[in-house]
2 protein chains.
Amino acid sequence: MLEALGDPTRRTIFELLGAGPRSVAEIAGDLPVSRPAVSQHLKVLRDAGLVASTAMGTRRIYAVDPQGLAAIRGYFDQFWNQALAAFAQAAENPPEEKT
Amino acid sequence: MLEALGDPTRRTIFELLGAGPRSVAEIAGDLPVSRPAVSQHLKVLRDAGLVASTAMGTRRIYAVDPQGLAAIRGYFDQFWNQALAAFAQAAENPPEEKT
DNA sequence: GCCATCGGAAAGCCTAGACTTACCGTTCGT
DNA sequence: ACGAACGGTAAGTCTAGGCTTTCCGATGGC
């Protein structure tokens with residue numbers, strides 16, 4: 001899931017969609033890559049559950065999927081708490097010379 | 001910054017460190033890759049501001065950098081709010097046939 | 001002082017995947 | 001019904017980068 005956002009182009013697309021739904025052509029218009037490339041990226045993002053599409057005539061309107069975004073936030077929130085706990089423990093138990 | 005977490009191996013390392021600080025050899029011991037590979041990943045994570053290292057004798061103890069983690073959480077929180085706003089607006093203004 | 005251990009650096013290989021061009025199916029407008 | 005626009009698919013190319021092996025500097029123990 002985070003792998004999908006690892007690619008800069010894909011992240012840009014995701015951020016574009018964050019500002020509001022867009023068609024494929026509109027997205028491609030704001031990017032330095034061809035339209036098929038955008039299509040491929042959208043497929044990855046869709047498979048990752050980060051965006052969703054709705055058909056409007058011949059156009060496909062893409063938008064960020066709140067579920068996916070929430071999942072990511074949840075992941076980092078959990079991670080944050082875990083890291084905090086680790087910090088607290090590290091503060092108490094001074095690091096050993098040899099584990 | 002998210003590019004650093006895009007790689008599965010690197011994300012695994014990051015998650016390992018989330019459970020507590022570790023030396024390079026210890027990290028490599030839990031992974032199916034060689035130690036130099038871990039070193040390279042740690043360099044990337046360090047450059048991304050996601051981990052920090054402290055020297056302990058000949059060992060380097062790596063730990064997640066709270067700053068970096070907080071930055072990521074901030075990014076997604078901001079994104080979340082932005083997406084919410086976009087949703088609200090999309091709900092009001094029904095999508096046009098042509099933009 | 002010497003040896004062992006730990007970890008980063010350099011060089012090279014090799015695959016994943018990002019991008020392009022070309023093509024085709026679908027849907028709408030007239 | 002026909003043409004145009006939109007978008008997904010296929011095939012092929014090419015580079016980024018992940019991994020390995022090798023080597024070296026630095027620190028600590030004995």
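To find a chain, count down the sequence lines: A is the first, B the second, and so on, and within it residues start at 1. On a predicted model such as this, the values are computed, not experimentally measured, just so you know.
For B/S39, the listed nucleotide lying nearest its side chain is C/dG8; candidates were C/dA18, C/dG8, D/dG8. Here the side chain of B/K43 is nearest to one of C/dA9, C/dC19, D/dT27, namely C/dA9. Comparing C/dT21, C/dA9, C/dA18 against the side chain of A/D7 picks out C/dA18 as the nearest. The side chain of B/S34 sits closest to D/dT20 out of C/dT5, D/dT20, C/dC19. Considering only side-chain atoms of A/T9, the nucleotide from D/dC6, D/dG28, C/dC19 that sits closest is C/dC19. Comparing atom distances between the A/T58 side chain and each of D/dG28, D/dC6, D/dG18 picks out D/dC6 as nearest. In the set D/dT20, C/dC19, D/dG18, the nucleotide with an atom closest to the side chain of A/V33 is C/dC19.
The phosphate of D/dG8 (OP1 or OP2) has a side-chain N or O of A/Y62 nearer than 4.0 angstrom. Taking 4.0 angstrom as the limit, A/H41 places none of its side-chain polar atoms (N or O) nearer than this to OP1 or OP2 of C/dG17.
The two residues A/F14 and A/L50 come nearest to each other via the heavy atoms CE1-O, 3.4 Å. Between B/A4 and B/A48, the shortest heavy-atom distance links the atoms CB-CB, 3.9 Å.
Backbone-only engagement by A/R10 is indicated by non-hydrogen atom pairs under 4.0 Å involving sugar-phosphate atoms exclusively. If you check every strand for non-hydrogen atoms under 4.0 Å, B/A25 touches sugar and phosphate atoms only.
Here the P atom of nucleotide C/dA18 and the CG atom of A/L5 are 12 Å apart, to the nearest Å. Taking atom CZ of residue A/R59 and atom C1' of nucleotide C/dG29, one finds them 15 Å apart after rounding to whole Å. Residue B/R60 contributes atom CZ, which lies 9 Å from atom C1' of D/dA26 at whole-angstrom precision. Between the P atom of D/dG17 and the CG atom of B/L45 lies a distance of 14 Å, rounded to the nearest Å. Regarding A/I27, its CD1 atom lies at a distance of 14 Å from the C1' atom of D/dG8, rounded to whole Å. Going from atom CE of A/M56 over to atom C1' of C/dC28 covers 12 Å, rounded to whole Å. In this structure, B/Q40 places its CD atom 11 Å from C1' of D/dT21, rounding to the nearest Å. Across the protein-nucleic acid pair, B/L42 atom CG and D/dC19 atom C1' stand 15 Å apart, rounded to whole Å.
Where A/E3 and A/P32 each meet DNA chain C at their nearest nucleotide, the meeting point lying more 5' is that of A/E3.
Considering A/D65, A/I61, A/L42 as possible partners of A/L17, the one that fulfils the side chain to side chain contact (heavy atoms under 4.5 Å, CB included) test is A/L42. Considering A/V33, A/V44, A/V51, A/L45 in turn, A/L45 is the only one that fulfils the side chain to side chain contact (heavy atoms under 4.5 Å, CB included) rule with A/I13.
B/E15 CD: more than 12 foreign heavy atoms inside a 6.0 Å radius.
Between the base of D/dG7 and the side chain of A/R35 there is a donor-acceptor pair shorter than 3.5 Å.
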Next on the checklist: Test side-chain contact (heavy atoms from CB on, under 4.5 Å) on A/R11 and B/E3; report intermediate values, then the result.
Outcome noted: CA-CA 9 Å; A/R11 198 163 49 247; B/E3 307 178 30; 3.1 Å; yes
